[in-house]
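All remarks here apply to the structure that follows.
Naming: A, B, ... by sequence-line order, numbering from 1 per chain. Basis for what follows: all heavy atoms, side chains included, without hydrogens, waters or symmetry-related copies. Computed from a predicted structure; not experimentally measured.
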There are 2 protein chains.
Amino acid sequence: MRPLFHPPIEDITVEGILHALSDPVRVAIFTDLTASDDAHNCSTFLNVTEKKIPKSTLSHHFKALREAGLIRAERRGVEMHNTSRCSEIDRRFPGLIAAIISAHKVQMESTQGAGKKRAARKGKPVAVNR
Amino acid sequence: MRPLFHPPIEDITVEGILHALSDPVRVAIFTDLTASDDAHNCSTFLNVTEKKIPKSTLSHHFKALREAGLIRAERRGVEMHNTSRCSEIDRRFPGLIAAIISAHKVQMESTQGAGKKRAARKGKPVAVNR
DNA sequence: TTCAATAGTTCGTATTTGTTGTACTACAGT
DNA sequence: ACTGTAGTACAACAAATACGAACTATTGAA
């Protein structure tokens, strides 16, 4: 059991961060990890969204977050100890994470308030006028 | 020739923005459009990166930016008039665009300074330790 | 008005990336 | 050693992306 790979802070790219956080499940996970200081294991997030996410898919998402440099993961017995690397990242890209999380919050509020399900990125095109 | 589709500001999602800007070519284009107030046509960007980008690919990138709500595009004769929707977006998601562009700038400086080509998101994994 | 040139788009196909069920590995407690 | 739990690897299929070739709209000249 090799230790898991984590990119050094200077190898973390903006593109990588944006891509990782352009998935609704992954922002949800990351936002949660960043908000609460203590670590979470993967299974905590089996229901981050409305519908149940398969275990293997979740595992894939965690790997994506880790390889983008957004989270740090280490084995703790049988579970996984996941923590946000936000403070590190904030030192390299000041304000980036905060802005994304804040924007995400704005969006969630406007979505629930309007009572209409906002189309996630993956959803059908809103109105493909072509 | 229908007018092009542009999502209304309240339909723009954070996920959509992040996804659109998680591509090196697209951030380059968007950053450029946002920096200079006057509009650009597509062909201006045939060489945004080191290597030449095919016309059809560029067209696809502009469509992606437009559908994510990041730019506004209108026909002006035979060309395309592209402008950044950043001020609109900034009203809905304050600071988001600024933070992304600023982070991008930080990254570009650190990359050129180090004299090493930073791997773009699409590139091979830096060191897949598994 | 017809022709050629220019700027973009569409389409088809090849490649890449993402999703998820099933089978597996590692660890803890019995 | 055996069982349950947490997570990973693999493989098959689905979806998104890249890009060359063919096409469309518009302009300006002949």
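Considering only side-chain atoms of A:E79, the nucleotide from C:dT9, D:dT8, D:dA6 that sits closest is D:dA6.
Rounded to whole angstrom, the span from the CZ atom of A:R76 across to the P atom of D:dG7 amounts to 13 Å. The distance between atom CG of B:L65 and atom C1' of C:dT9, rounded to the nearest whole Å, is 16 Å. Taking atom CG of residue A:N82 and atom C1' of nucleotide D:dG7, one finds them 11 Å apart after rounding to whole Å. The nearest whole Å value for the distance from the NE2 atom in B:H81 to the P atom in D:dT26 is 17 Å. Remark: P of C:dA26 and CD of A:E74 are 19 Å apart, rounded to the nearest angstrom. Whole-Å rounding puts the A:D23 CG to D:dA15 P distance at 16 Å. The distance between atom NE2 of A:H40 and atom P of D:dG7, rounded to the nearest whole Å, is 12 Å. Rounded to a whole Å, the CE atom of B:M80 is 13 Å from the P atom of D:dT27.
When each of B:E10, B:R92, B:E15 is checked for a side chain to side chain donor-acceptor pair (under 3.5 Å) with A:Q107, only B:E15 meets the rule.
With hydrogens and angles ignored, the 3.5 Å screen pairs no side-chain donor or acceptor of A:R26 with any backbone N or O of A:L21.
A distance of 9.5 Å separates OG in A:S84 from CG in A:L65, rounded to the nearest 0.5 Å.
In the model, B:N41 has a side-chain atom that pairs as donor or acceptor with a side-chain atom of B:T44 under 3.5 Å.
Annotation: side chain to side chain contact (heavy atoms under 4.5 Å, CB included) contacts of B:S56 (sequence neighbours excluded): B:P54.
Distances shown here put every side-chain N or O of A:H19 at or beyond 4.0 Å from the OP1 or OP2 atom of C:dT16.
Within residues 53-61 of chain A, the residues having any heavy atom closer than 4.0 Å to DNA chain C are, in order of number, A:P54, A:S56, A:T57, A:H60, A:H61.
Look at B:E88 and B:R91 and you find no salt bridge, because none of the NZ, NE, NH1 or NH2 atoms lies under 4.0 Å from a carboxylate O.
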